[in-house]
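The structure appears right after this line, and notes come after that.
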Amino acid sequence: VIHGQQAAGAIAGLSLCCGGLRLSGYIEYSASSDDMASLQVSEIQSSASDIACRACGSNDAVSWATGLKDYLFGVPGDWNLVRCRNCGTLSLSPTPTPEQVASFYRQYFTHAPISSSAAGQSAGRRFRLQVSAALRAPFEQSGAGARAGRALLSLLVPRLAQTLRRSYAFQGAEARGRSSLDYGCGNGDLVRRLSRLGMRATGADFDEQALTAGRSAGLEVMNIASCEGLDSESIDLLTCMNVIEHLIDPEVTLRLFHRLLRKDGLLMIETPNADAWMARGMLGKWRGLEIPRHLSVYTCLLYTSPSPRD
């Protein structure tokens, strides 16, 4: 998860998860508002043979996998992935048009109402959701039992406990009245959980079917285009969970985040890690690729090596 309240100004960070249970492969990155404003992400090239990396701008890429299909929701077509030689980011080839991208979500799991979002999922998926809910519970609740749960997790899996603790940095009295925006909220599950913590929680998504599911649950959600009309420095907590890999132009989104966050605000981003062992072992079947909806899958190297655009 992405976080970093200790840095001056707006905070940027990136949590790269390893796959299904997300047990490893995390990195943490924090930046000042000036650092975040200077982040550079390349413009997208339409030519399949000349794809500029969305992360570092390099055009030096090699083929990583070919003939991939959408085994989750059946979007037609064969797709390829190329890997940036500079930072390791995987990019979809050929690059789809914005109209094509919108069509990829005609069927998607975020269309289901929150109460039934696990319905129809595979047994493995339901198990992961149950494990995730159990791990989050001590950090979403208060009282002696929750404190004991947090202490036990800190003892058994300190790295995971630290990530969860920072994920729920705004809790109890500290959360009440603060503003949050979940960018790419889907059916609004995270918006609902943040509301329960006492936050003034809002969600945004471009998928109208997902927004309909959120509105039916009584949540405050809006189309992503409406985020441009929000006041500057108006958001205390901005979450972007498994969204940035879907974006055609992530630089525009990062600049929007920089404008919306308060100076002492918190930005949390989660995205799959292309260097995860499951990515290498399962290739086109790895859930983190999600062909063709994931346009780019990033790596930890993005935040540890200079880019050609520095």
Side-chain angles (χ1 to χ4, degrees), residues 14 39-57 59 61 63-84 89-112 181-188 190 203-214 221-228 239-257 269-274 279 284-299 302:
L14 184 59
L39 286 175
Q40 296 291 323
V41 183
S42 69
E43 294 181 356
I44 307 308
Q45 304 296 318
S46 60
S47 171
S49 61
D50 187 26
I51 299 175
C53 177
R54 290 177 177 83
C56 70
N59 290 95
S63 176
W64 190 78
T66 60
L68 302 178
K69 297 182 181 296
D70 179 12
Y71 72 94
L72 290 173
F73 297 98
V75 172
D78 292 334
W79 304 87
N80 307 318
L81 286 172
V82 297
R83 188 177 186 95
C84 176
T89 293
L90 298 176
S91 297
L92 189 69
S93 173
T95 300
T97 65
E99 292 75 20
Q100 287 177 310
V101 170
S103 73
F104 297 162
Y105 298 88
R106 288 172 183 164
Q107 297 184 59
Y108 206 47
F109 69 92
T110 57
H111 296 168
L181 173 65
D182 185 25
Y183 191 92
C185 65
N187 61 10
L190 182 55
D205 208 289
F206 78 94
D207 187 338
E208 284 300 325
Q209 292 186 67
L211 292 175
T212 297
V221 294
M222 59 184 171
N223 191 282
I224 271 179
S226 300
C227 291
E228 294 292 342
T239 53
C240 182
M241 315 303 283
N242 294 292
V243 172
I244 198 167
E245 64 272 15
H246 294 256
L247 302 180
I248 294 177
D249 191 347
E251 181 176 6
V252 172
T253 301
L254 290 172
R255 292 190 182 282
L256 173 67
F257 292 171
I269 301 177
E270 181 179 277
T271 188
N273 179 7
K285 293 293 185 181
W286 179 50
R287 182 67 173 79
L289 295 180
E290 198 176 303
I291 303 294
R293 284 163 295 277
H294 288 184
L295 304 182
S296 290
V297 182
Y298 304 97
T299 71
L302 171 62

Calculate, to the nearest 0.5 Å, the distance between atoms CZ and SG belonging to Arg83 and Cys53 respectively.
10.5 Å

Note, Trp64 side chain near Val297 side chain (heavy atom, < 4.5 Å):
no

Determine the minimum heavy-atom distance between Cys240 and Val243, stating which atoms define it.
SG-CB, 3.6 Å

To the nearest 0.5 Å, tell me how far Asp249 CG sits from Arg255 CZ.
10.0 Å

Rounded at 0.5 Å granularity, tell me how far CG in Leu190 sits from CG in Asn242.
11.0 Å

What residue among Glu290, Glu245, Arg54 forms side chain to side chain contact (heavy atoms under 4.5 Å, CB included) with Leu295?
Arg54

Quick one: CG on Asp182 to OG1 on Thr239, what's the gap to the nearest 0.5 Å?
3.5 Å

Rounded at 0.5 Å granularity, tell me how far SG in Cys185 sits from CZ in Phe206.
11.0 Å

Tell me, do Ile269 and Leu254 make a side-chain contact under 4.5 Å, heavy atoms counted?
yes

Working to the nearest 0.5 angstrom, can you tell me the gap between Tyr183 OH and Ile244 CD1?
10.0 Å

Residue pair Asn273, Thr299: steps toward the side-chain contact (heavy atoms from CB on, under 4.5 Å) verdict
CA-CA 5 Å; Asn273 179 7; Thr299 71; 4.2 Å; yes

All heavy atoms of Arg293 vs all of Phe104, minimum pair found to be NH1-O, 3.5 Å

Heavy-atom nearest pair, Met222 first then Cys227, reads CE-SG, 3.9 Å

Between Trp79 and Leu289, does the side-chain contact (heavy atoms from CB on, under 4.5 Å) criterion hold? Intermediate values first, please.
CA-CA 11 Å; Trp79 304 87; Leu289 295 180; over 6 Å; no

Does the plane of the ring in Tyr105 sit parallel, tilted or perpendicular to the ring in His246? Use 30° and 60° as the thresholds.
tilted

Which heavy-atom pair separates Ile291 from Leu92 by the least distance, and what is that distance?
CD1-CD1, 3.9 Å

Would you find more than 12 non-hydrogen atoms of other residues, nucleotides or ligands less than 6.0 Å from Gln100 atom CD?
yes

Taking the side chain as everything from C-beta on, heavy atoms only, tell me whether Asn80 gets closer than 4.5 Å to Ser63.
no

Evaluate the criterion side-chain contact (heavy atoms from CB on, under 4.5 Å) for residue pair Thr212 and Gln209; output intermediate values, then yes/no.
CA-CA 5 Å; Thr212 297; Gln209 292 186 67; 5.6 Å; no

Tightest non-hydrogen contact, residues Ser296 and Ser91, listed as OG-OG, 3.6 Å

To check you understand the geometry: which heavy-atom pair defines the closest contact between Ala204 and Ile224, and what is its length?
C-CG1, 3.8 Å

Among Asp78, Asp70, Val101, Leu81, exactly one meets side chain to side chain contact (heavy atoms under 4.5 Å, CB included) together with Pro292. Which residue is that?
Asp70

